[in-house]
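Down below is the structure, laid out as structure tokens.
Chain A is the first sequence line, chain B the second, and so forth, proteins listed ahead of strands; every chain is numbered from 1.
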Protein chains: 2
Amino acid sequence: MTGVILHYNEGAEPSDVNSREREAESLHDEVLTRLRNVIVEGQLAPGARVPEKELCAEFGVSRTPLREALKVLAAEGLVELLPNRGARVRRFTEQDVRNLFEILAALESAAGRLACTRITNAEIAAIERLHYEMYGHYMRRELPAYFRLNQAIHLGIVDAARNPALKETYEGFTARMRQFRYSANTIARDRWGEAMREHELMLDALRRRSSEELGSILFDHLLKKFEAASQTLRRSADDNGQ
Amino acid sequence: MTGVILHYNEGAEPSDVNSREREAESLHDEVLTRLRNVIVEGQLAPGARVPEKELCAEFGVSRTPLREALKVLAAEGLVELLPNRGARVRRFTEQDVRNLFEILAALESAAGRLACTRITNAEIAAIERLHYEMYGHYMRRELPAYFRLNQAIHLGIVDAARNPALKETYEGFTARMRQFRYSANTIARDRWGEAMREHELMLDALRRRSSEELGSILFDHLLKKFEAASQTLRRSADDNGQ
DNA sequence: CTTTGAAGTTTTGCATGCATTTTTTTGTAT
DNA sequence: ATACAAAAAAATGCATGCAAAACTTCAAAG
């Protein structure tokens, strides 16, 4: 498919494992996706230099597509470009993460506003079902399932805003924050109930198609989510004596 | 103007002509900025193929940094990458522009919310002064000066949100829309008064530090701005028989 | 010991080279 | 003419080459 390209990926089989779905993806795109994952998943520590040669070997490509990907990641803010010193994985401060959460809150809040004017009754019903299912997981303290449904609800609202550019931007930012997800997906016992109540308010505002209410609730909900997550994070950091 | 740039950098002194201010800018960064300007300013028509060779000649660089810039512009959505067929300048539909305006509205609305909790009284006073100055231009029907002040006020609010990442994202989106500015900076006579009134409400909400109000006003204000601009645009398109 | 610094090594940024693919041109049959 | 096919030309995607910059190493001086 990609061709025989002798030296590198003979045994590599780029087509089967990594590129799910998309057929003819450019090397650049594939490297971009893979490198972003490497960084977001923390395989490359924050603050670490990005070793071009090693990554080229690992990905089986030359430096050209890798460096193209690095420029894009730099534009996304995942990586810093040091003049004549290559790239380094960006280290996020707590303030950085807060700033990103506020951007997410901005996008999702606006999505909620727009959704109120554009969502169909069927979609509202679908979100209601997700809500009740999530409530069940909440009652049974099934955290992973709860988070899955939670995310589905938020995505449903973003979808209902009927704005692909907004959705794409939103997803871009959530992807960048997957590296903090481990903490965001922990939830303090007392926060959980509050979050559930906020979701009830969201559903109520959505049913009444109250743009302003839903926008406000979502905004505050996201900021509180950050506060809770950062507290959890700080606590676990303290536990480690760090 | 583009400069002599013969072989490479013998007498090159990159610091003097081309890089205003910033000293050691990488070729990649400079090409990125320049190419973005070329596209946003419409020197490369929407839908047109991006001619790598010509641009390389014009910028005096090889294809490598140019192509790196193209990948970044593609990630920004200014350019589309066609497999094996290079890049083409993205053509924005009215719906695309609406979507972008909604994102801008999201960001600025959130900035307003945050600003209410973080802005200093001195900054509020500064924005008030801008407001009154803008009012003078409104009364005297001085459109360019009005728009300048208008923009300063909006930027002041974004600044007061104390979120550099938000500001950067906001500026990124406004830059991308500078190509539609010609229409956004036209304002229908009847819309002007309404916009001015909305600004009065904004200032009032800001004085009272009412996050929700300011967020709502800004959101609606931006969407109305789009509606007005797109109407103006459509009208002028009709006039041209298009 | 710590500093200095010169020579060697690696890394970086960019230009160039080359196999493919796409586009254009040209030629031929309908 | 119009449609199609073969050939030629150009553009694209990626690998590689190379000079300059940044790191190492290690020995001599303080």
Side-chain angles (χ1 to χ4, degrees), chain A residues 1-10 12 14-15 18-19 22-35 44 47-75 79-89, chain B residues 3-15 18-19 22-35 44 47-75 79-89:
Chain A
M1 166 140 312
T2 41
V4 193
I5 309 187
L6 23 165
H7 306 109
Y8 308 120
N9 42 2
E10 0 245 301
S15 47
N18 264 306
S19 59
R22 321 180 229 192
E23 282 299 321
E25 194 172 83
S26 70
L27 270 196
H28 157 74
D29 253 351
E30 183 175 335
V31 167
L32 176 58
T33 305
R34 291 230 268 162
L35 184 51
L44 229 46
R49 291 268 290 270
V50 178
E52 289 189 9
K53 265 192 93 177
E54 280 165 47
L55 289 169
C56 286
E58 186 180 330
F59 293 162
V61 302
S62 80
R63 287 173 55 222
T64 304
L66 187 94
R67 300 186 96 253
E68 288 171 352
L70 278 176
K71 309 299 181 189
V72 174
L73 293 177
V79 134
E80 291 167 325
L81 261 30
L82 315 175
N84 288 315
R85 303 177 61 202
R88 97 171 0 152
V89 178
Chain B
V4 193
I5 314 192
L6 21 162
H7 306 117
Y8 316 115
N9 38 1
E10 11 237 299
E13 240 86 279
S15 47
N18 265 310
S19 57
R22 320 180 230 191
E23 282 301 322
E25 191 172 89
S26 69
L27 270 196
H28 157 73
D29 251 351
E30 183 176 334
V31 167
L32 176 57
T33 305
R34 291 230 268 161
L35 185 50
L44 229 46
R49 292 267 290 268
V50 178
E52 288 189 10
K53 266 192 90 179
E54 280 164 46
L55 290 169
C56 286
E58 185 180 331
F59 294 162
V61 301
S62 79
R63 288 172 55 220
T64 304
L66 186 93
R67 300 186 97 252
E68 289 170 353
L70 279 175
K71 309 299 182 188
V72 173
L73 294 177
V79 136
E80 291 168 323
L81 262 30
L82 315 175
N84 288 314
R85 302 177 60 202
R88 93 172 1 152
V89 178

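One can place CG of Leu66(A) at 17 Å from P of dG13(D), the figure rounded to the nearest angstrom. The separation between Asp29(B) atom CG and dG13(C) atom C1' is 13 Å, rounded to whole Å. As a whole-Å value, the separation of Lys53(B) NZ from dT16(C) P is 12 Å. The CZ-P distance, from Arg88(B) to dT22(C), rounds to 14 Å in whole Å. Whole-Å rounding puts the Glu52(A) CD to dG13(C) C1' distance at 9 Å. When the P atom of dC14(D) is taken as reference, atom NZ of Lys71(B) falls 6 Å away, rounded to whole Å. dA11(D) atom P lies 12 Å from atom CG of Leu55(B), rounded to whole Å. For the pair Leu81(B) CG and dT12(D) P, the computed distance is 11 Å after rounding to whole Å.
Atoms CD and CZ, on Glu68(A) and Arg67(B) in that order, are 5.5 Å from each other to the nearest 0.5 Å. Going from atom CZ of Arg88(A) over to atom CG of Leu82(A) covers 5.0 Å, rounded to the nearest 0.5 Å. Note that CG of Leu55(A) is 12.0 Å distant from CZ of Arg63(A), once rounded to the nearest 0.5 Å. A distance of 12.0 Å separates CG in Leu32(B) from CG in Leu27(B), rounded to the nearest 0.5 Å. Here the straight-line distance linking atom OG1 of Thr33(A) with atom NE2 of His28(A) works out to 8.5 Å at 0.5 Å rounding.
Remark: the Arg85(B) side chain and the dG13(D) base include no donor-acceptor N/O pair separated by less than 3.5 Å.
Across all strands, Leu82(A) comes closer than 4.0 Å only to sugar-phosphate atoms, never to a base (heavy-atom distances).
Among the nucleotides dT22(C), dT12(C), dA15(C), the one closest to the side chain of Asn84(B) is dT22(C). When each of dC14(C), dG17(C), dT21(C) is scored by its nearest atom to the side-chain atoms of Arg63(B), the top-ranked nucleotide is dG17(C). Nearest to the side chain of Pro65(A), among dA15(D), dG13(C), dA15(C), sits dA15(D). Here dA15(D) is the nucleotide among dA15(D), dA15(C), dG13(D) with the atom lying nearest to any side-chain atom of Ser62(A). Closest approach to the Arg67(B) side chain among dC14(D), dC14(C), dT12(C) is made by dC14(D) (side chain taken as heavy atoms from C-beta onward). Considering only the side chain of Arg49(A), dC23(D) comes nearest among dC23(D), dT22(C), dA15(C). Side chain of Leu27(A), nearest nucleotide from dA15(D), dA15(C), dA11(D): dA15(D).
Map Thr64(A) and Pro51(B) each onto its nearest nucleotide of DNA chain D; the residue landing nearer the 5' end is Pro51(B).
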